Protein chains: 2
Amino acid sequence: MLNLKKIVVLKNNLAHFNSVFSVDCVIFGFDEGELKILLIERNTVPYINWWALPGNLINQNETLDASANRILYELTGVKDVLMEQYFTFDGVKRHPQGRILTVAYYAILRLSTHKTLKPVTDFAKDAAWINVKELPKLAFDHQQIVEKGLEKIKNQIKNQPIAFELLPEKFTLTQIQQVYELILDKKLDKRNFRKKILNFNILKELDEKQEGVSFRAATLYKFDKRKYTQFFGKGISF
Amino acid sequence: MLNLKKIVVLKNNLAHFNSVFSVDCVIFGFDEGELKILLIERNTVPYINWWALPGNLINQNETLDASANRILYELTGVKDVLMEQYFTFDGVKRHPQGRILTVAYYAILRLSTHKTLKPVTDFAKDAAWINVKELPKLAFDHQQIVEKGLEKIKNQIKNQPIAFELLPEKFTLTQIQQVYELILDKKLDKRNFRKKILNFNILKELDEKQEGVSFRAATLYKFDKRKYTQFFGKGISF
DNA sequence: CCAAAAGTGTTCCCTCTACACCCATGC
DNA sequence: GCATGGGTGTAGAGGGAACACTTTTGG
């Protein structure tokens with residue numbers, strides 16, 4: 001039980017100990033020609049029944065990175081994602097319950113390997129991949145967090161070949177171009193794009209072709225990790 | 001006084017309410033051909049008498065940005081600096097007193113206008129500008145925070161003309177080049193540098209010359225804010 | 001006249017850009 | 001045979017990198 005001494009200590013520190021930390025995750029995926037993000041439908045107040053980013057309070061003795069992974073898993077069933085922190089949002093008026101500071105994480109992943117989503121706690125009612133261009137109204141300041149995340153990957157895709165992490169193992173050049181166009185939000189010239197991306201020598205042409213299309217089948221490519229490693233750091237710009 | 005109800009509420013929330021937020025500031029300045037950062041000498045345990053970044057706990061009802069400004073002022077006497085958040089450090093084992101999460105801020109400023117430093121609280125014993133290349137051992141994980149800050153401005157100087165914020169109002173081309181060389185940590189070709197920087201059309205050549213030097217006096221330049229604004233966003237690369 | 005830094009052009013190469021038509025395939 | 005996307009080349013412009021000597025000034 002609480003003894004008086006403890007209470008006094010608590011009270012003295014109160015000014016500094018009534019902030020709460022949380023983590024929100026912006027997870028990007030690419031599917032059917034669309035850039036999507038992973039959202040949950042909240043099952044708790046406040047904002048019950050609203051769509052929101054997977055996010056929750058962090059635990060004690062848990063690093064931020066570990067929190068992000070745990071929370072993402074609990075709310076969506078998605079596991080083992082390498083996320084990166086990109087901004088800390090200042091929540092003086094952010095949460096009706098009081099002050100919350102939120103560290104925002106993002107990641108980019110192969111949507112095809114994470115199609116089935118299943119929240120493992122009842123904090124979330126449901127989870128789904130939603131087209132970035134058709135987002136519903138989001139809880140809290142999640143709209144803003146998503147926007148900043150989009151900016152972030154826009155900058156990153158110009159400097160690191162992250163596009164491949166969105167694609168299936170084997171992909172066509174047109175698919176990569178689509179990813180770039182979606183993220184940069186502009187049309188790119190097909191010939192110039194292909195020249196450029198092939199010049200980096202980080203792709204391996206396969207003997208296979210696309211299947212099941214009703215037009216000329218495109219050659220499939222694979223991402224060459226060994227060359228990528230050499231390449232890393234140089235950067236690409238479009 | 002505390003009533004029982006309040007205590008219970010406190011206790012229930014305890015798991016989430018015993019993290020503490022702090023802010024650390026990495027302030028860059030340029031002087032006498034050296035890139036310096038602003039450090040304080042701590043006057044409190046832990047790490048009493050150690051050099052450290054200006055940093056402290058944030059207050060309730062204070063935005064992160066406001067905290068950073070207040071803390072910088074209290075510990076160094078430096079006021080009204082536009083700082084930018086760049087990373088949140090995860091302090092599970094960071095502080096002997098318990099868990100602390102630290103939001104790191106950086107700024108770049110004209111050292112000449114902030115030469116006199118004077119802590120206004122006795123949390124800091126002293127404050128000083130220290131050459132980045134000759135840093136003492138720093139308290140906590142401040143070494144790491146500084147390194148990440150250096151990376152940050154390295155990336156930024158390639159894309160935004162932040163160098164001017166380090167220089168006095170009137171400066172020579174050689175001085176800007178020095179700033180670039182210090183931050184990028186490599187030698188640049190004089191002719192190419194001058195061509196490039198002048199081509200951006202963000203400098204205004206003055207009728208004045210350098211004074212008090214025992215060699216040919218260099219032309220002074222001024223930063224042209226109007227042209228800068230048009231220019232902003234295009235980026236520079238070296 | 002010497003030391004110290006200021007100031008100044010050219011060439012080569014590579015990369016970016018703009019641009020349009022034929023090819024293979026499934027239906 | 002037609003609709004659909006796959007696949008290809010070239011010319012011109014602009015920017016980056018490499019490179020060395022003359023000028024000005026104070027002491």
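In what follows, chains carry the letters A, B, and so on, assigned in the order in which the sequence lines appear, proteins first and then strands, with residues in each chain numbered from 1. Remember, predicted model here, so these are calculated numbers, not experimental data.
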Rounding to a whole Å, what distance do you find between [X]:[atom1] and [N]:[atom2]?
{"X": "A:Leu206", "N": "D:dG6", "atom1": "CG", "atom2": "P", "answer": "16 Å"}
{"X": "B:Ile197", "N": "D:dA17", "atom1": "CD1", "atom2": "P", "answer": "14 Å"}
{"X": "A:Leu198", "N": "D:dG6", "atom1": "CG", "atom2": "C1'", "answer": "13 Å"}
{"X": "B:Gln210", "N": "D:dT25", "atom1": "CD", "atom2": "P", "answer": "12 Å"}
{"X": "A:Glu181", "N": "D:dG5", "atom1": "CD", "atom2": "P", "answer": "14 Å"}
{"X": "B:Gln177", "N": "C:dA6", "atom1": "CD", "atom2": "C1'", "answer": "12 Å"}
{"X": "A:Lys209", "N": "D:dG6", "atom1": "NZ", "atom2": "C1'", "answer": "9 Å"}
{"X": "B:Arg194", "N": "D:dA18", "atom1": "CZ", "atom2": "C1'", "answer": "17 Å"}

Open item on the list: Using OP1 and OP2 only, check whether a side-chain N or O of B:Thr219 sits under 4.0 Å from C:dG7.
Closed with: yes
Open item on the list: Aromatic contact between B:Phe223 and B:Phe171, with the criterion being ring centroids under 6.0 Å apart: yes or no?
Closed with: no
- [ ] Mind checking side chain to side chain donor-acceptor pair (under 3.5 Å) for B:Thr113 and listing every partner two or more places apart, or none if nothing turns up?
- [x] none
TODO: Indicate, with a heavy-atom threshold strictly under 4.0 Å, whether A:Thr172 touches base, sugar-phosphate, or nothing.
DONE: nothing
TODO: In sequence, state the C-alpha distance, the side-chain angles, and the governing distance for A:Phe87 and A:Phe89, and then conclude on ring-ring contact (aromatic ring centres under 6.0 Å, His included).
DONE: CA-CA 6 Å; A:Phe87 200 79; A:Phe89 293 84; 5.0 Å; yes
Open item on the list: I'd like to compare against my own output: the B/S/- annotation of nucleotides 19-27 of chain C with a strict under-4.0 Å heavy-atom distance to protein.
Closed with: BB--BBBS-
Task: Within 6.0 Å of CG in A:Leu206, more than 12 heavy atoms from elsewhere - done: yes
Open item on the list: Can you tell me how far apart CG (B:Leu53) and CZ (B:Arg42) are? Round to the nearest 0.5 Å.
Closed with: 10.5 Å
Open item on the list: On a heavy-atom basis, which atom in A:Val26 and which in A:Tyr86 lie closest, and how many Å separate them?
Closed with: CG2-OH, 3.4 Å
